[in-house]
Number of protein chains: 2
Amino acid sequence: MITGSRAQLVALLKAWTEAADRMTRGLPAGEIGPVEGAANVPPDDTGEAIGLDASGLTITFGFGPGLFVDAQGRDRFGLADRQPEALRDLPHFPGDNLDPARSQGDLCVQACADDPQVAVHAVRNLARIGFGTVSVRWSQLGFGRTSTTSTAQSTPRNLFGFKDGTANVKAEEAAALDEHVWVGAGDDAKADWLAGGSYLVARRINMTIEVWDRQPLGDQESFVGRTKDTGAPLSGGGELTEPDFTMPGSDGPVIPRDSHVSVVHPDHNGGVRMLRRGYNFVDGTDALGGLNAGLFFLAYVRDPRTHFIPVQTRMAKVDALMEYLKVTGSALFAVPAGARPGEHVGQALFA
Amino acid sequence: MITGSRAQLVALLKAWTEAADRMTRGLPAGEIGPVEGAANVPPDDTGEAIGLDASGLTITFGFGPGLFVDAQGRDRFGLADRQPEALRDLPHFPGDNLDPARSQGDLCVQACADDPQVAVHAVRNLARIGFGTVSVRWSQLGFGRTSTTSTAQSTPRNLFGFKDGTANVKAEEAAALDEHVWVGAGDDAKADWLAGGSYLVARRINMTIEVWDRQPLGDQESFVGRTKDTGAPLSGGGELTEPDFTMPGSDGPVIPRDSHVSVVHPDHNGGVRMLRRGYNFVDGTDALGGLNAGLFFLAYVRDPRTHFIPVQTRMAKVDALMEYLKVTGSALFAVPAGARPGEHVGQALFA
């Protein structure tokens, strides 16, 4: 953040809402802003998406813990008494090797599109509109969405080569969305403004894929608990067949207890599920010639205290996959429900 | 490079040729390799493209100067007497701020596809097949191709928001390809193996886009010499209208002499043209909150001494755009003609 002004913050959210509305309809961001008092905001759309259509663009905004109370304990925007109880910095997990320059943040923008040029254009223009009011703390480009979010999609693959997100909460599962993804009206008396919204957990997970690639296929499948080809659980059937964790194998269950699917399955985590909407990333090559690559894990949950932290804690301790993972970035945001016509993003928070 | 063995290098090129042939047809890389004598190469395709089609995948291979004579002056592969005269490290240009970890290289792989997951899969599997024989020096992910390479395409835009590559040599221009892109049979007696191939100039050009975005539209158009919307030269007409560099403006020519289109136009560079096939890139955010972003410039030319170095020298000295550019990576490769059935990539070099 740059600004300490509540009025500027609200003006920014209004400008962002208008620009997002335009860009998701395939229009230029428009001559929006500058936010009053913010000097020298470039007035024009940056132009690199001229001639492209909306390409399925969606833009999602979130609020981090620091927007309510900053690292110095200050309540800059008069929002401290409306901070959701669940919106606190995530705890340190085993396996976390966080880069502060890729973690946390007061505001969040997730732009998704079928054409990366369209998604980059959206983020860049929102940053442009925020010149002098906010600044970019970190950004992450991804590709090849992991996790199907609708029953109409086939399940994409992560950079381990496995289908990822088979058990995701789907858009068609209204009851599951209400139970696991959307914040309920009575969930948090201090944060009624978040009802109908969600929490976004962002985790940049580096994969040591060269080491992974050296593991025999059978070992890879044991770590995941599913076959690489079809994504079926090792207990048999097809991708969507429920795993049978009791089926015996030659040495313990055929789906190993420390396999990823066993460790994170709802049956072993109090029934909790997530709506994941993450992407693969490749950020060049490291000094040893390995790809700096992995999974940019993004999950929407009703409450991170029940739906993420316990699962991640369990995973960090016992999941066989962890040997091939290093978490290098982490953030948590409260994502308000979509703005209604005539309102701006997060309007209820400032009411 | 890791290997010093000519036989291993040839075996690698054979394995790469076979894997590239398979992957460009939408098949897994296959159980190819290990190259004899290279230890512990993972045998399986890495799998992240299972279920995806070829997505227009093309794979292009190139040879850098160091393959012929390395930095210590050694002729490791018995190729020194076949090194093309034009295949020397590019000179230092004004504005170059090169990162050695993003520059040069003995071998080059360019993989292009409509789906980044397919392109990443191809590069990764070629690297996997090369385990123990070669290692990755650097890699660069791009998106949103700049420069149309066919008259059937519309011209894409770079991150300055301008159409980029309007004057590119197109696939349909057979005579221009022969004159400007493909190496002629008599071009270099030492390098007859390169006839029908080309030289690939790779330049990672960071753009200071936040500063650019603050420039008024009129100034941006003066720097480029074209309008942002249609890409027409400032002397009028449409995108494909030839610029009139003599048309007077209010202060000198209406297309400024230091505008990009004027500086690099064939009329001002001995008639030379290039076949460009570059991409935009965004590699996260720098410490000041600016996007680490720009143009990954890739140009195929018949001879870099006539078709690139003079143009780049002129551009570096007088182009108004240079104030917004910083070249952070640079490499030159000789790209042999496509392998014929039954042959491997670069076979003529080793004959």
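Treat the numbers as computed from the prediction; the structure is a model and nothing was measured.
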[X] versus chain A, the contacting section by heavy-atom distance below 4.5 Å:
X: B:L159; answer: both
X: B:N158; answer: backbone
X: B:F281; answer: neither
X: B:Q215; answer: neither
X: B:V282; answer: both
X: B:S135; answer: neither
X: B:I209; answer: both
X: B:D45; answer: backbone

Thinking salt bridges, do A:R276 and A:D164 make one under a 4.0 Å N-O criterion?
-> yes
Residue among A:V123, A:D115, A:I50 with most heavy-atom pairs under 4.5 Å to chain B = A:I50
Would you mind telling me which of A:Q140, A:K163, A:R137, A:Q117 has the largest number of heavy-atom pairs within less than 4.5 Å of chain B?
->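 Of the candidates given, the most pairs with chain B belong to A:Q117.
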B:S139-B:R124 side chain donor-acceptor pair, cut-off 3.5 Å =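 No.
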Would you check if there is a donor-acceptor pair between the side chains of B:N206 and B:T328 at a distance under 3.5 Å?
-> yes
Report which part of [X] has an atom under 4.5 Å of a heavy atom belonging to chain B: side chain, backbone, both, or neither.
X: A:F160; value: backbone
X: A:D213; value: both
X: A:E210; value: both
X: A:L141; value: side chain

Could you give me the CA-CA distance, side-chain angles and deciding distance for B:E239 and B:T166, then say whether side-chain hydrogen bond (donor to acceptor under 3.5 Å, both in side chains) is met?
-> CA-CA 7 Å; B:E239 181 194 349; B:T166 294; 2.8 Å; yes
Pick from B:A49, B:P216, B:G289: which one has the most heavy-atom pairs with chain A under 4.5 Å?
-> B:G289
Among the listed options B:E48, B:R102, B:H121, B:R157, the residue most often paired with chain A at heavy-atom distances under 4.5 Å = B:R157
Check: B:F162 and B:E221 side chains under 4.5 Å, non-hydrogen atoms = yes
Calculate, to the nearest 0.5 Å, the distance between atoms CD1 and NZ belonging to B:I205 and B:K326 respectively.
-> 13.0 Å
A:Y324 and A:F223 aromatic centres sub-6.0 Å | yes
Worked check of side-chain hydrogen bond (donor to acceptor under 3.5 Å, both in side chains) between A:T227 and A:D229 | CA-CA 6 Å; A:T227 67; A:D229 186 12; over 6 Å; no
Give the C-alpha distance, both sets of side-chain angles, the deciding distance and a yes or no for side-chain contact (heavy atoms from CB on, under 4.5 Å) between A:D286 and A:L291.
-> CA-CA 6 Å; A:D286 64 26; A:L291 283 180; over 6 Å; no
Okay, side chain of A:D70, backbone of A:G66: is any donor-acceptor separation there less than 3.5 Å?
-> no
